[in-house]
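Here the structure is laid out as structure tokens; the discussion comes afterwards.
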Amino acid sequence: MLHANRRGFVMGLMATASITAVKAQTPTPAATRSLPPLPAGEPQAIATDRAYWAAVRSLYTVTPKTVNLENGYWGIMADPVRSEYQAKTDMVNRENSYYARSQFDGDAGEARKLLAAAVGAAPGEIAFTRGATEALQLLIGGYNKLSPGDSVLFSDLDYDSMQYAMNWLKDRRGVNVVKFNIPEPATRDAVLQAYREALANNPKTKLLLLTHVSHRTGLVMPVAEIAAMARARGVDVVLDAAHSWGQIDFKVADLGVDFVGFNLHKWIGAPVGLGFMYIAKGRLADIDRAMADEDWPADDIRSRVHSGTSNFAALLTLPRALALHAEIGPKAKELRLRYLRDYWVSRARELKGVDILTPDQPGMAAGITSFRLAGRTTPDDYKALVAQLRDSYGVLTVRRTGVARGPCIRVSPALYTAEADLDRLVSALKALGTA
């Protein structure tokens, strides 16, 4: 059952959610809210339990200006997390260097332990960053097992900044950079075949960039299978998990990847500016120290990132965000977000001229999905469509370019999204399709 072993973990997180020795201001009522018991039963019953998800929605204060279906940018903090962040900001500002010089390292270490336990890693395998982008840039740029003439691979669905970093390896390491396209329609077999062919056609490949959940279309890659395929050919994988952890329930060991960049301000709901890198035990030497960092020993993963002064309050708020993540339930979050995705997609598929890019095949989609409209083919078409959805229908989405088959519109609901919000999207698509 989903809630069988949850209470002990949540209580441990809650007990350390305020980890500083300096007492913060009295919590606001929002910070003391608690949820009803996690519903039991079949996945569909859990995903649609009205009372439970209404209680979850009550933890979020959202703008009435629009229906926000652009939650893939970053996830707003729930009210209890936001209250914690405000309290920690006040405390850090008040205590200033006294706190930063005497207590912050210890508190950051405790937050690191909680994060490691939540993702299923050892504390020594993770290091905080300012987001997944920074983590992945450091992993790609620091990967030192490349020689001139080797090849590196990435696909059209990988994140722009990571593509830039892979391209940079041509100058930095003297390698050949190869880009390939994910087929549409993107079935599981077709995706696996695309990676199989890319690896076979480029036998000198040493490094593969892989994205768990595409920010462009929402496609969920079969990571473990692709990683095993790469490993059999002596290819290392750097995994972009910016959109997956918190949207999908998994532990890092499930992925079979030694180098991963994570985000904490998207689907975990921590303050903006938090992420972390993961380097599996025994693989640290394959990533260079960041700018020859000497603040930490060479055998400490924290020497692989040097961001300067941290956002103290953001990091101190992480335990509260992790506690809420555990209280709602990682599996319940996955089921709810997939249900919301299926709710609007099943209706949109019935509309003429709407092309849904992410398949319904189990395991190939989570909460995010993109679509195209017939007759809309250019980036400017989709820029105009985003504006029309926002200004005429009150629905916020985002244009995504870079997909080989053309631009699209991304829809990413959140835990506070209601079915009525998605009904508005479907009504807008129906009107636009017949306009």
Side-chain angles (χ1 to χ4, degrees), residues 125-127 129 131-182 191-216 219 221-244 252-253 255-262 275-291 301 303-305 402 404:
E125 293 177 310
I126 66 173
T129 64
T133 294
E134 181 175 56
L136 290 160
Q137 286 175 333
L138 290 165
L139 290 170
I140 293 169
Y143 182 76
N144 58 32
K145 295 187 69 177
L146 296 171
S147 300
D150 289 340
S151 295
V152 298
L153 293 178
F154 65 87
S155 85
D156 63 317
L157 296 190
D158 291 317
Y159 190 60
D160 304 73
S161 298
M162 281 44 272
Q163 293 191 27
Y164 306 157
M166 294 292 280
N167 286 329
W168 181 57
L169 293 177
K170 181 177 181 179
D171 294 330
R172 178 168 172 78
R173 305 289 188 185
V175 300
N176 301 311
V177 180
V178 179
K179 181 179 179 178
F180 65 100
N181 299 329
I182 302 300
V191 168
L192 288 172
Q193 184 61 21
Y195 279 91
R196 189 176 295 112
E197 290 179 358
L199 289 165
N201 292 338
N202 298 278
K204 293 184 178 181
T205 298
K206 296 297 182 184
L207 184 65
L208 170 67
L209 172 64
L210 180 61
T211 301
H212 197 177
V213 177
S214 171
H215 81 292
R216 300 187 195 279
L219 182 67
M221 297 292 183
V223 169
E225 291 89 337
I226 295 171
M229 191 188 302
R231 189 180 304 108
R233 292 179 172 273
V235 177
D236 275 322
V237 173
V238 170
L239 181 68
D240 180 345
H243 273 290
S244 57
V252 70
L255 304 173
V257 176
D258 292 337
F259 310 108
V260 190
F262 289 90
F276 66 103
M277 70 163 61
Y278 165 84
I279 301 177
K281 184 178 180 180
R283 298 304 309 273
L284 188 59
D286 298 326
I287 304 296
D288 287 335
R289 290 178 295 157
M291 302 291 180
I301 188 175
S303 68
R304 270 58 178 181
V305 53

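Small disclaimer: the values here were computed from a predicted structure and weren't measured.
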### Message
Is there a side-chain contact between V152 and I140 in this structure, where contact means two heavy atoms from C-beta onward sitting under 4.5 Å apart?
### Response
no

### Task
To the nearest 0.5 angstrom, please state how far the CG atom of L138 sits from the CE atom of M291.
8.5 Å

#### Entry: Closest approach of G261 to A135 (non-hydrogen atoms, all atoms of both residues)
CA-CB, 3.9 Å

### Task
Drop me the distance from D258's CG to L239's CG, to the nearest 0.5 angstrom.
11.0 Å

### Query
Any donor-acceptor pair under 3.5 Å linking the side chain of R283 with the backbone of F259?
no

### Non-neighbouring partners of D150 that pass salt bridge (Lys or Arg N to Asp or Glu O under 4.0 Å), sequence neighbours left out
none

Donor-acceptor contacts, no H, no angles, side chain residues 153-160, under 3.5 Å, sequence neighbours left out:
{"unit_1": "S155", "atom_1": "OG", "unit_2": "L157", "atom_2": "N", "d": "3.1"}
{"unit_1": "D156", "atom_1": "OD1", "unit_2": "I182", "atom_2": "N", "d": "2.8"}
{"unit_1": "D156", "atom_1": "OD2", "unit_2": "A404", "atom_2": "N", "d": "2.9"}
{"unit_1": "D158", "atom_1": "OD1", "unit_2": "T211", "atom_2": "N", "d": "3.4"}
{"unit_1": "D158", "atom_1": "OD1", "unit_2": "T211", "atom_2": "OG1", "d": "2.5"}
{"unit_1": "D158", "atom_1": "OD2", "unit_2": "S155", "atom_2": "N", "d": "2.7"}
{"unit_1": "D160", "atom_1": "OD1", "unit_2": "H215", "atom_2": "NE2", "d": "3.4"}
{"unit_1": "D160", "atom_1": "OD1", "unit_2": "R216", "atom_2": "NH2", "d": "3.3"}
{"unit_1": "D160", "atom_1": "OD2", "unit_2": "R216", "atom_2": "NH2", "d": "3.4"}

### Query
Do V237 and I226 have side chains that get closer than 4.5 Å, going by heavy atoms?
no

### Task
Locate the shortest heavy-atom distance separating G256 from A227; write the atom from each residue and the value.
O-CB, 3.6 Å

#### Entry: Ring geometry between F180 and Y195 (parallel below 30°, tilted from 30 to 60°, perpendicular above 60°)
perpendicular

### Query
Sub-3.5 Å donor-acceptor pair from the side chain of R304 to the main-chain atoms of M277, do we have one?
no

### Query
At what distance, to the nearest 0.5 angstrom, does CG of N176 lie from NZ of K170?
7.5 Å

For residues 199-210, which side-chain N or O atoms pair as donor and acceptor with protein atoms under 3.5 Å away, sequence neighbours left out?
{"unit_1": "N201", "atom_1": "ND2", "unit_2": "E197", "atom_2": "O", "d": "3.1"}
{"unit_1": "N202", "atom_1": "ND2", "unit_2": "A198", "atom_2": "O", "d": "2.8"}
{"unit_1": "T205", "atom_1": "OG1", "unit_2": "N202", "atom_2": "O", "d": "2.7"}

### Message
So that I can tick it off, tell me whether R173 and D288 are bridged by a salt bridge, with the cut-off set at under 4.0 angstrom between side-chain N and carboxylate O.
### Response
yes

### Summary
Rounded to the nearest 0.5 angstrom, the CD1-NZ distance for I287 and K145 is 10.0 Å

### Query
Under the criterion side-chain contact (heavy atoms from CB on, under 4.5 Å), which of D240, N167, L139 is the partner of M162?
D240

### Task
Decide yes or no for F262 and V252: does some side-chain heavy atom of the first lie under 4.5 Å from some side-chain heavy atom of the second?
yes

### Query
When rounded to the nearest 0.5 angstrom, what distance separates CG in L284 from OG in S303?
6.0 Å

#### Entry: Nearest heavy atoms of S161 and Q137, plus distance in Å
CB-NE2, 4.4 Å

### Query
Heavy atoms, side chains only, cut-off 4.5 Å: are V238 and Y143 in contact?
no

### Query
Where do A285 and N144 come nearest, in terms of heavy atoms and distance?
O-ND2, 3.1 Å

### Summary
Note: S147 and V175 closest approach over all heavy atoms is O-CG1, 3.7 Å

